[in-house]
*Asks:* 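Can you read through this structure? Questions will come right after.
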Amino acid sequence: MPAINLFELDALPADRYRALLARTEADLGSFMEPVRRIVEAVRAEGDAAIVRLAREIDGVTLDPARLMASEEEFAAAERALEPEVKEAISYAVDNIRRFHERQKPEPMWLMEIRPGAFAGERWSPIPSVACYVPRGKGAFPSVMMMTTVPAVVAGVPEVVVLTPPTPEGGIDAASLYAARMAGVTKVYRVGGAVAVAAAAFGTASIPRLAKIVGPGSPWVVAAKRLLADRIDTGLPAGPSESIVLADATADPAIAALDLLIEAEHGPDSSAFLVTDSREVAEVARRHLPELMSGLGPQRRQFVEAVLCGPRGGIVLAPNWEAALRFVNDYAPEHLEVLSAEPLQHLGAIHHAGEILFGQNTPITIANFCLGPDCVLPTGGWARTFSALGVHDFMKRTSLGHVTAKGYPELARHARVLAAYEGFEAHAQALSALRTKLAG
Ligand SMILES: NC(=O)c1ccc[n+]([C@@H]2O[C@H](COP(=O)([O-])OP(=O)(O)OC[C@H]3O[C@@H](n4cnc5c(N)ncnc54)[C@H](O)[C@@H]3O)[C@@H](O)[C@H]2O)c1
Ligand SMILES: N[C@H](CO)Cc1c[nH]c[nH+]1
Ligand SMILES: [Zn+2]
């Protein structure tokens, strides 16, 4: 096995520091041209392209008349699943629903901003959404729950799921069960860039949708970038990434264990253990080979590609401030803080999709069932974007009402501003003519 990276921050030149911050999404050049061809095929041929591309890309034969999961498939999925899997899904859906119900804003607010003048906002659901649930390197019933539950809580009238078919042309059983638990019935077998294009243009089987949410491989990310003027593509959620931030009080064995969590998603993921303790860094590094040897061949290969490649390993900072600076510069999707007093560091952390405190809150727990959404901004976008939530399935509409009593004061100021901006019709609407017309 190649050596696991150990980067000593105080010895790292500025260009190598910047290189450590780069993610897979920074260079999607090689994906753009093939994705452009896929998008054009789906736009021109609709369902026929979905069937043809499923055969060409994934080697799966699909029936164009059966792209949507049938009632029988939902029932068969429920029969096939182990009771403990169904119980875990119900438990997770319950936590995720309660979290998002708490997050849901009041439907409307109005304030008297000046005497007789009212201003406010109404929150209402968007008309339709596609929830993309990946299925490339494994199934993601977790993502089914984390996308559909908030969509349903928000009250979106048309919630549609797009997910790649299994090699046999079916749909992952746990994902179907999770969709049913969330209250969603329209699940289509279509994946990758093809799915994003289908949602953007619509086909004979799949409705055109207003927005697409959910994470995906670079194929999905590239298609979202290309179609951003046809469909709302929401928060950027690409290959998973994490930082485990550990101080000298942290247990290095736990730090090593948790460094592997997000590293196993794929060779395009990113995962760092950041610490200001040489002992934590070195002991964790010594633990890793044994932990990695306990994984199956595919996950071990992914973890090795991440921790020994350009996007992962151990970062040793000269002091705690430098460790925090690296975290904030990186703006990770998932951040786990390992420290005897983890909550004391909250104020110094400014950019992360989620922050999980303490050794009893490994990223795995939040990935599946704590309640907060596991669909999070990647690629450094945690600097400005938030975790997926009910707000992504809703929109705000501004509201205003001025009474006859409130009108003169507002009109006087608006007239001045209209004149300054040179808008004559705007000003005329507030002239004596209005008072005359209003009687
Ligand atoms: N940011 C988040 O919140 C979050 C959450 C969960 C998962 N993820 C990430 O989502 C990603 C899921 O990726 P995945 O691969 O498992 O599933 P995926 O569904 O995103 O990608 C698989 C699909 O990609 C397409 N594809 C694959 N090879 C192709 C090719 N050569 N040409 C054209 N299309 C091709 C196919 O349609 C295939 O069905 C992972 O990187 C994971 O880390 C992110
Ligand atoms: N870590 C992923 C988000 O980056 C979520 C997830 C679901 N299943 C496993 N992991
Ligand atoms: Zn994960």
Side-chain angles (χ1 to χ4, degrees), residues 23-25 30-39 41-42 49-50 53-60 62 92 96 131-147 161-167 171-172 174-175 178 189-198 212-224 234-242 258 260-271 298-299 302 306 311 332-336 353-354 356 362-370 372-379 381-382 385-389 392:
R23 330 288 221 274
T24 307
E25 297 108 298
S30 60
F31 294 90
M32 292 319 267
E33 210 27 62
V35 166
R36 210 181 297 280
R37 285 197 294 274
I38 289 171
V39 164
V42 175
I50 294 179
L53 291 166
R55 196 173 49 243
E56 287 175 13
I57 298 171
D58 299 318
V60 177
L62 295 181
I96 297 163
C131 296
Y132 184 78
V133 177
R135 202 210 158 278
K137 301 172 214 68
F140 282 97
S142 53
V143 174
M144 179 69 85
M145 301 186 265
M146 299 281 184
T147 53
V161 172
L162 308 177
T163 188
T166 62
I171 297 176
D172 171 62
S175 300
R189 61 200 98 217
V190 57
V194 183
V196 183
I212 183 161
V213 300
S217 60
W219 298 101
V220 172
V221 177
K224 284 184 179 176
L235 68 106
S240 302
E241 52 183 60
S242 64
D258 291 357
L260 297 184
I261 297 172
E262 294 300 293
E264 76 164 338
H265 272 281
D268 47 10
S269 277
S270 310
Q298 192 195 39
R299 298 294 173 188
F302 291 165
V306 172
R311 283 181 295 274
E333 180 198 3
H334 307 276
L335 175 65
E336 182 180 317
E354 72 176 3
L356 303 169
I363 297 167
T364 310
I365 281 183
N367 270 189
F368 294 114
C369 59
L370 180 61
D373 214 288
C374 83
V375 178
L376 297 157
T378 57
W381 288 106
F385 280 89
S386 314
L388 190 72
D392 294 282

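Order of listing sets the numbers, starting from 1, for every ligand and every atom in it.
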*Asks:* Can you list the ligand 1 atoms lying under 4.0 Å from a non-hydrogen atom of Gly136?
*Replies:* 14 (P), 15 (O), 16 (O), 17 (O), 22 (C)
*Asks:* Specify side chain, backbone, both or neither for Glu333, according to which of its non-hydrogen atoms lie closer than 4.0 Å to ligand 1.
*Replies:*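 The answer is the side chain.
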*Asks:* Got Ser142 and Asn367 here, is their nearest side-chain heavy-atom distance under 4.5 Å?
*Replies:* no
*Asks:* Starting from atom 40 (C) of ligand 1, find the nearest protein heavy-atom neighbour and note its residue, name and distance.
*Replies:*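 Atom 40 (C) of ligand 1 sits closest to the protein heavy atom Lys137 NZ, 4.2 Å.
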*Asks:* For Val194, state whether at least one heavy atom is located under 4.0 Å from any atom of ligand 1.
*Replies:* no
*Asks:* Which of these, Cys374, Gly216, Pro134, Gly192, has its nearest heavy atom closest to atom 11 (C) of ligand 1?
*Replies:*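 Of the listed residues, Gly216 has the closest heavy atom.
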*Asks:* Just how far is it from atom NZ of Lys137 to atom CZ of Phe302, taken to the nearest 0.5 Å?
*Replies:*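 Lys137 atom NZ to Phe302 atom CZ measures 6.0 Å (nearest 0.5 Å).
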*Asks:* Taking the side chain as every heavy atom from C-beta outward, state whether Val133 and Asp172 have any pair of such atoms under 4.5 Å apart.
*Replies:* no
*Asks:* As an exercise, identify every atom of ligand 1 less than 4.0 angstrom from a heavy atom of Pro239.
*Replies:* 41 (O), 43 (O)
*Asks:* For ligand 1, which atoms, with element, lie under 4.0 Å from some heavy atom of His265?
*Replies:* 42 (C), 43 (O)
*Asks:* Which residue supplies the protein heavy atom nearest to atom 5 (C) of ligand 1, what is that atom called, and how far is it?
*Replies:* Pro215 CG, 3.3 Å
*Asks:* Provide the protein N, O or S atoms situated under 2.8 Å from the Zn ion (ligand 3); waters are not included.
*Replies:*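 The answer is Glu262 OE2, His265 NE2, Asn367 OD1.
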*Asks:* Is it the case that the side chain of Tyr132 and the backbone of Gly192 share a donor-acceptor pair, with hydrogens and angles ignored and the cut-off at 3.5 Å?
*Replies:*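 Judged by distance alone, yes, a pair lies under 3.5 Å.
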*Asks:* Working to the nearest 0.5 Å, report the span between CE of Met145 and SG of Cys369.
*Replies:* 8.0 Å
*Asks:* Got a donor-acceptor contact below 3.5 angstrom from the Arg299 side chain to the Glu264 backbone?
*Replies:* yes
*Asks:* Should you measure from each heavy atom of Val220, which atoms of ligand 1 turn up under 4.0 Å away?
*Replies:*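 Heavy-atom distances to Val220 below 4.0 Å select 20 (O).
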*Asks:* Using a 4.5 Å cut-off on heavy atoms from C-beta on, say whether the side chain of Thr163 contacts that of Ser175.
*Replies:*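 They are not in contact (no side-chain heavy atoms under 4.5 Å apart), so the answer is no.
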*Asks:* Listed by chain and number, what are the side-chain hydrogen bond (donor to acceptor under 3.5 Å, both in side chains) partners of Arg23, not counting sequence neighbours?
*Replies:* Glu241, Tyr330
*Asks:* Among Phe31, Phe140, Trp219, which one puts a heavy atom closest to atom 28 (N) of ligand 1?
*Replies:* Trp219
*Asks:* Gly191 heavy atoms, cut-off 4.0 Å: which ligand 1 atoms fall inside?
*Replies:*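 Counting from 1, the qualifying ligand atoms are 37 (O).
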*Asks:* Compare all side-chain heavy atoms of Leu356 with those of Glu354 and state whether any distance is below 4.5 angstrom.
*Replies:* yes
*Asks:* Which residue holds the protein heavy atom closest to atom 44 (C) of ligand 1, what is that atom called, and what is the gap in Å?
*Replies:* Gly238 O, 3.1 Å
*Asks:* State the CD-CZ distance between Glu25 and Phe31, to the nearest 0.5 angstrom.
*Replies:*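 These two atoms lie 10.5 Å from each other.
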*Asks:* Of all the non-hydrogen atoms in the protein, which one sits nearest to atom 8 (N) of ligand 1, and at what distance?
*Replies:* Ser240 OG, 3.4 Å
*Asks:* Among the heavy atoms of Ala54, does any lie under 4.0 Å from an atom of ligand 1?
*Replies:*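 Distance cut 4.0 Å: Ala54 fails for ligand 1.
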*Asks:* Out of all atoms in ligand 1, which are within 4.0 Å of some heavy atom of Leu376? Include the element for each.
*Replies:* 1 (N), 2 (C), 3 (O)
*Asks:* Does the side-chain contact (heavy atoms from CB on, under 4.5 Å) test come out yes or no for Leu235 and Asp392, once each step is laid out?
*Replies:* CA-CA 8 Å; Leu235 68 106; Asp392 294 282; 4.1 Å; yes
*Asks:* Which atoms of ligand 1 sit under 4.0 Å from any heavy atom of Tyr132?
*Replies:* 18 (P), 19 (O), 20 (O)
*Asks:* CG of Leu388 to CE of Met146: how many Å apart, nearest 0.5 Å?
*Replies:*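 Interatomic distance, Leu388 CG to Met146 CE, rounded to 0.5 Å: 10.0 Å.
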*Asks:* Distance check, rounded to the nearest 0.5 Å: Ile38 atom CD1 versus Glu56 atom CD?
*Replies:* 9.5 Å
*Asks:* Show me, by chain and number, every protein residue that has a heavy-atom distance under 4.0 Å to ligand 2.
*Replies:*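 For ligand 2, the contacting residues are Phe140, Ser142, Ser240, Glu262, His265, Glu333, His334, Asn367, Phe368, Cys374.
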*Asks:* Could you go through the side-chain contact (heavy atoms from CB on, under 4.5 Å) check for Val42 and Leu53 one step at a time?
*Replies:* CA-CA 9 Å; Val42 175; Leu53 291 166; 4.2 Å; yes
*Asks:* Would the distance check show the side chain of Arg311 and the main-chain N or O of Pro267 forming a donor-acceptor pair, the cut-off being under 3.5 Å?
*Replies:*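 Side chain of Arg311 to backbone of Pro267: a pair is present.
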*Asks:* Taking 4.0 angstrom as the limit and counting only heavy atoms of Thr378, give me the atoms of ligand 1 inside it, by number and element.
*Replies:*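 Ligand 1 atoms under the 4.0 Å threshold to Thr378: 1 (N).
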*Asks:* What donor-acceptor contacts under 3.5 angstrom involve side-chain atoms of residues 213-222, with partners at least two apart or in another chain?
*Replies:*
none

*Asks:* Should the proximity of Asp58 to ligand 1, defined as any heavy atom under 4.0 Å, be assigned to the side chain, the backbone, both, or neither?
*Replies:* side chain
*Asks:* Say you draw a straight line from CG of Leu376 to CH2 of Trp381; how long is it, rounded to the nearest 0.5 Å?
*Replies:* 16.0 Å
*Asks:* Is a side-chain N or O of Ser240 found less than 3.5 angstrom from the main chain of Glu262, in a donor-acceptor match?
*Replies:*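 No, Ser240 side chain to Glu262 backbone: no donor-acceptor pair under 3.5 Å.
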*Asks:* Considering only protein heavy atoms, which is closest to atom 21 (O) of ligand 1, and at what distance to one decimal place?
*Replies:*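 Here the closest protein heavy atom is Ser217 OG, 3.0 Å.
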*Asks:* Determine whether Leu62 and Pro165 make a side-chain contact, defined as any pair of heavy atoms from C-beta on separated by less than 4.5 Å.
*Replies:* yes
